[in-house]
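A short write-up of the structure that comes next.
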Amino acid sequence: MEINEIGVVKNDVQETKKHSFFRDVESTIEVKEEFVDGLQEIDRSDYLQVIFFFSRSKDYNLVGPRHGGKVRGVFASRSPRRPNNLGSTVVQLLFHDGNKLRVKGLDAIDGTPVIDIKPYAAPFDSSSPPEEKKKNPRREINRLVKTGDLENLLLKAGELHGHYCPFLALGVTAGSYAVNELGETPGDMEELVAVLETNSCFSDGIQYSTGCTFGNNALVYRDYGKTAVTMAIRGDRGVRLYYKRDNYLEENYPERTELFEKVVKEREGTEEDERALKRAWAEIAFDLVHVPAEELFKIEQIRTPDLPDYAPIFEDEYCDLCGEKFMAPKGESADGESTLCIPCAGDSYLQLNGSGLREVS
Ligand SMILES: [Zn+2]
Ligand SMILES: [Zn+2]
């Protein structure tokens, strides 16, 4: 077997770093002249699979503690120390110019030899082919929850949440812990219910990891303003997790806290500060998912959880004024004759926003 280097990685990273560090790192892959023709039409791909050589890795363990301290076989890990020292990562292609490919997310240090490049094709390379996904859209998420792969779960939860932050990570941690503790596989039914006590970033981590959402009525919201959730199975038991480490971030990341005060609380940060905070948040989030839930949360078993009934199916009504359809119990016929929707009647209503659940009149 003969393998030739087709190019080399150029970036600012000189030392080996944690995998998550590389997520935002941009690198240039310089392809050797004799292979440049092979890049024709590569711009059609937004993502590439890059195979490279961990040139600094010398030895390896077939079984050993990996990232996060868990003991695993080398083929069940992304460790750079492997029998053939090959790394493989899906990266974002930013642009292509001559023999140079500018990419983002390549977890290789400066000078790493590149062995192969291929377009990343979701139907072949992703673990959930579309047909499987149609049968169970949460298959991949549930697998990540079950196997405790919280790093990849957080990575996906960011697609919903829009950014990576510590409280999203806490939500993912709490949700996964509770689902595993209850031994229930989240589906699309309302048997598994989440009772959330906050509408902060935490709530998106819970919705993503448990499948209990605002839209499928498996999410109950109690406006307590606590970073806490009770996960429960209808007619059975539940478990409540309350985030107990109020000062965890201040203690472990003091400089980040100062940045947070400046940018968010005092609104005095520069654009550079904001970017730095975003990076710091993401870094902390990806650290946090490796902290055991027991260290972060007060965890209580709930024998008979207090849950509201299943969501009822409402009759429809039409508003006499605007003609729009609404769920019957939400409107009124003030004079006993006309049927009006809430806005047309000018009635007060409940609104869930950044302040929580508030009556608006
Ligand atoms: Zn957030
Ligand atoms: Zn109306």
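Throughout, numbering of the chain's residues begins at 1 and tracks the sequence. Counting convention: from 1, in listed order, for ligands and their atoms alike.
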(message) Applying a strict under-4.5 Å side-chain criterion to I, L, V, M, F, W and Y, I'd like to know whether Val103 and Phe35 cluster together.
(response)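 Result: yes, single cluster for both.
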(request) Check Leu86, Ile29, Asp107, Asp116 against Phe52 for a side chain to side chain contact (heavy atoms under 4.5 Å, CB included) and give me the one that passes. (result)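 Of Leu86, Ile29, Asp107, Asp116, side chain to side chain contact (heavy atoms under 4.5 Å, CB included) with Phe52 is met by Asp107 alone.
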(message) Taking the basic N atoms (NZ, or NE/NH1/NH2) and the acidic carboxylate oxygens, is any pair closer than 4.0 Å for Asp273 and Lys262?
(response)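 Yes, charged N to carboxylate O under 4.0 Å.
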(request) Indicate yes or no: does Glu26 engage Lys100 in a salt bridge with an N to O separation below 4.0 Å. (result)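 No, Glu26 and Lys100 are not salt-bridged.
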(message) Measuring only between side-chain heavy atoms, which start at C-beta, is Leu288 closer than 4.5 Å to Tyr248?
(response) yes
(message) What I'd like to find out is whether the side chain of Ile3 reaches to under 4.5 Å of the side chain of Phe53, using heavy atoms alone.
(response)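 Side-chain contact under 4.5 Å: no.
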(request) Report yes or no: is the cationic atom of Arg240 (NZ for Lys, CZ for Arg) closer than 6.0 Å to the six-membered ring centre of Phe297, at no more than 45° off its axis? (result) no
(request) Give me the protein N, O or S atoms that fall under 2.8 Å of the Zn ion (ligand 1), sorted by chain and residue number. (result)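 Result, waters dropped: His161 NE2, His163 NE2, Cys165 SG, Cys201 SG.
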(message) Between Asp316 and Ala328 (side chain of the first, backbone of the second, donor and acceptor by atom type, cut-off under 3.5 Å), is there such a pair?
(response) no
(request) Check whether more than 12 heavy atoms from other residues, nucleotides or ligands sit under 6.0 Å from atom NZ of Lys244, and answer yes or no. (result) yes
(message) Could you enumerate the protein N, O or S atoms under 2.8 Å from the Zn ion (ligand 2), written like residue then atom name?
(response)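 The answer is Cys319 SG, Cys322 SG, Cys341 SG, Cys344 SG.
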